[in-house]
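Order of the sequence lines sets the chain letters (A, B, ...), proteins ahead of strands, with each chain counted from 1. Since this is a predicted model, take the numbers as computed values, not measurements. When reading the values below, keep in mind they use all heavy atoms of this one structure, side chains included, and skip hydrogens, waters and symmetry mates.
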Amino acid sequence: DAGITQSPRHKVTETGTPVTLRCHQTENHRYMYWYRQDPGHGLRLIHYSYGVKDTDKGEVSDGYSVSRSKTEDFLLTLESATSSQTSVYFCAIRGQGSGNTIYFGEGSWLTVV
Amino acid sequence: QKEVEQDPGPLSVPEGAIVSLNCTYSNSAFQYFMWYRQYSRKGPELLMYTYSSGNKEDGRFTAQVDKSSKYISLFIRDSQPSDSATYLCAMSRNSGNTPLVFGKGTRLSVIA
């Protein structure tokens, strides 16, 4: 158990509304990541953070923003949700030591209608 | 060419079979190699981690890395129905601020 909690776990929202997903960790890890996973595309990195207020874009960052105001929380915001953002979103943290191994949360299933 | 290629399957084997899962990659700078297992509607969980070339064994699982061929493998011996899952390979260049690159995953079914 990597001590990661994602919320909400399931959400249905309407096109055009803002949505925020929260990732909370309890073990003071520096690196945190947001991925989305879709059939045929696998896991794709959206944004990541390497410290409080330090974030960077991944390969599919358009339409998403992130914030990290404290070590334990990494927020992913869909500014104006679209149907193409219907997906399962995974938060991950980088473990201490052992290269770049990362540990995932249980996922947040988002449906945009 | 994608950085990491992985056959999506599905792969179906009888219980007790030896399973071989593979990934190829194009970036010769990759040094850290991982295998994740993902059950349906769950997050991926780290299964094996290997640095550079060679083999690593953990119970019924063996990870192999052949950097000269840019090819990594995961072998599962005496496969069980509980091994039915999607297996994802992942790799990275170094231990710094470099996100992992994932394969798309291979779906495995072990039939009792």
Cluster check V88(A), L21(A): I/L/V/M/F/W/Y, side chain < 4.5 angstrom: yes

Cluster overlap Y35(A) with Y31(A), hydrophobic side-chain contacts below 4.5 Å: yes

M32(A) reachable from L75(A) in the ILVMFWY side-chain graph, under 4.5 Å edges: no

Hydrophobic cluster membership, Y87(B) vs F75(B), 4.5 Å side-chain cutoff: no

Contact check, side chains of F104(A) and Q38(B), non-hydrogen atoms, under 4.5 Å: no

From OH (Y103(A)) to CD (E45(B)), nearest 0.5 Å: 11.0 Å

Distance-minimising heavy-atom pair for Y48(A) and P99(B): CE2-CG, 3.8 Å

Part of P8(B) within contact of chain A (heavy atom distance under 4.5 Å): neither

Hydrophobic cluster identity match, Y39(B) and W35(B), side-chain contacts under 4.5 Å: no

Side chain K42(B), main chain E106(A), donor-acceptor under 3.5 Å: no

Region of L46(B) in contact with chain A, defined by heavy-atom distances below 4.5 Å: side chain

More than 12 heavy atoms from other groups under 6.0 Å of CZ on R107(B): no

L100(B) vs R94(A) side-chain heavy atoms within contact, under 4.5 Å: no

Q37(A) and F102(B), any side-chain heavy atoms less than 4.5 Å apart: no

Main-chain N/O of I102(A) paired to Y36(B) side chain as donor or acceptor, under 3.5 Å: yes

Residue part contacting chain A, namely of Y51(B), when any heavy atom lies under 4.5 Å: neither

Which atoms of Q6(B) approach chain A - backbone, side chain, both or neither, heavy atom under 4.5 Å: neither

